[in-house]
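Atoms within a ligand are numbered from 1 in the order they appear, just like the ligands themselves.
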Amino acid sequence: MNDIRSKIKHLKTEKNAVILAHNYQLPEIQDIADFVGDSLGLSIEASRTKASVIVFCGVHFMAETAKILSPDKTVLLPDVNSGCPMADMINPEALKSLQTQHPGAVTMCYVNSSAEVKSLCDYCCTSANALKMAQKIIPDHKKIIFVPDKYLAQYVSDQANHHFITWEGYCPVHAEISPQDIMQQKSLHPQAKVIVHPECRPEVTACADLVASTEGMSKFIINSPDKEFIIGTELGIIHRLQKENPDKIFHPASEKAVCTDMKKITLEKVLWSLENLSFEITLPQDVLIKARRSIDRMLQTT
Ligand code: 13P
Ligand code: SF4
């Protein structure tokens, strides 16, 4: 293992590469990464990096977003099959048909969508800024289509007090977490604060002390005087939370909240990716340019 780590380090310098990893990555991937963060943080990092090669340890739509923001760089996804089931729940044809049914509506897409879907949207958002984005555009647009996550859409819609035209997409990992899971953990750890992701079901967000993106969770916990937390999101984040807060205790809301796609990236695949400069993300120029508009509007607001 140490051999793999030192080979990765060596190749990183040789190829002027940076390793970006999402908070749900395996612990060993988080530990070798140059930057670990949420979808928003990773997008910002991808847009600012001086490296020539970005090895993206996450899922396909995240690597595409990095490519859109850094089109002149080589963006690599160590496992080409690392996708996002929620992003796959909507395709360009379905979105076009929804837009035809609602003429005059603007479209906001969750970053968990393909580059092609983004290219059809006016605004992009992540879980960290979805509410802020919605509050910014609501005064100018009565009709807003929000795709693909129906649970994030409902959470933002409730907070912003504005109706959205939604899509039936959802994250199968977060949808697995039930209010019963939260209640059970709460009965075992009554003093623990409950923190959940807005991709969770409304019945779950309703029983949380805080609803936040993965980065929002990290920031809140670092600054919190509380010592114990029930975490309602993918289990990978607990590695980062524990590293940042060695004196605090974390209880997963559900042991079943594992994103198998995120876990497809291994140290061996990262090494292979750097050795072979694969799998390289490429996008048609028109998709790249159109998708960038919606992401740029998001980054300007953040
Ligand atoms: P964030 O880390 O941006 O909160 O997103 C969670 C997620 O599901 C990414 O796929
Ligand atoms: Fe997609 Fe859910 Fe996995 Fe995130 S956790 S990548 S939304 S399936």
Mind running side-chain contact (heavy atoms from CB on, under 4.5 Å) on E199 and Y151 for me, showing each step along the way?
CA-CA 6 Å; E199 286 176 18; Y151 294 136; 5.8 Å; no
Angle between ring planes, H174 versus Y24, binned at 30° and 60°: parallel, tilted or perpendicular?
tilted
Aromatic ring pairing H189/H251, orientation class (parallel under 30°, perpendicular over 60°, tilted between):
parallel
Atoms in ligand 2 with a heavy atom of [X] nearer than 4.0 Å:
| X | answer |
| --- | --- |
| C171 | 2 (Fe), 5 (S), 7 (S), 8 (S) |
| M86 | 7 (S) |
| N112 | 7 (S) |
| Y24 | 5 (S) |

Just which atoms of ligand 1 are under 4.0 Å from any heavy atom in [X]?
| X | value |
| --- | --- |
| H197 | 1 (P), 4 (O), 5 (O), 6 (C) |
| S213 | 4 (O) |
| Y24 | 6 (C), 7 (C), 8 (O) |

Applying a 4.0 Å heavy-atom criterion (strictly less than), which segment of M62 is in contact with ligand 1: side chain, backbone, both, or neither?
side chain
Checking [Y] against [X]: is there a side-chain donor and acceptor pair closer than 3.5 Å?
| X | Y | result |
| --- | --- | --- |
| T166 | Q154 | no |
| S52 | N16 | yes |
| D31 | H239 | yes |

Step by step, work out the ring-ring contact (aromatic ring centres under 6.0 Å, His included) result for F279 and W272.
CA-CA 10 Å; F279 294 95; W272 178 87; 5.2 Å; yes
For [atom], grab the closest protein heavy atom and report residue, atom and distance to one decimal in Å.
| atom | answer |
| --- | --- |
| atom 1 (Fe) of ligand 2 | C84 SG, 2.4 Å |
| atom 2 (O) of ligand 1 | T214 OG1, 2.5 Å |
| atom 3 (Fe) of ligand 2 | C259 SG, 2.4 Å |
| atom 8 (S) of ligand 2 | P85 CD, 3.3 Å |

Salt bridge between [X] and [Y], side-chain N to carboxylate O under 4.0 Å?
| X | Y | result |
| --- | --- | --- |
| D209 | K193 | no |
| K263 | E234 | yes |
| D296 | R293 | no |

Between S70 (side chain) and K67 (backbone), is there a donor-acceptor pair under 3.5 Å?
no
Please determine if [X] has a nitrogen or oxygen closer than 3.5 Å to a nitrogen or oxygen of ligand 1.
| X | result |
| --- | --- |
| E199 | yes |
| H22 | yes |
| S127 | yes |
| S39 | yes |

Any E234 heavy atom less than 4.0 Å to ligand 2:
no
Using heavy atoms and a 4.0 Å limit, tell me yes or no: is N112 in contact with ligand 1?
yes
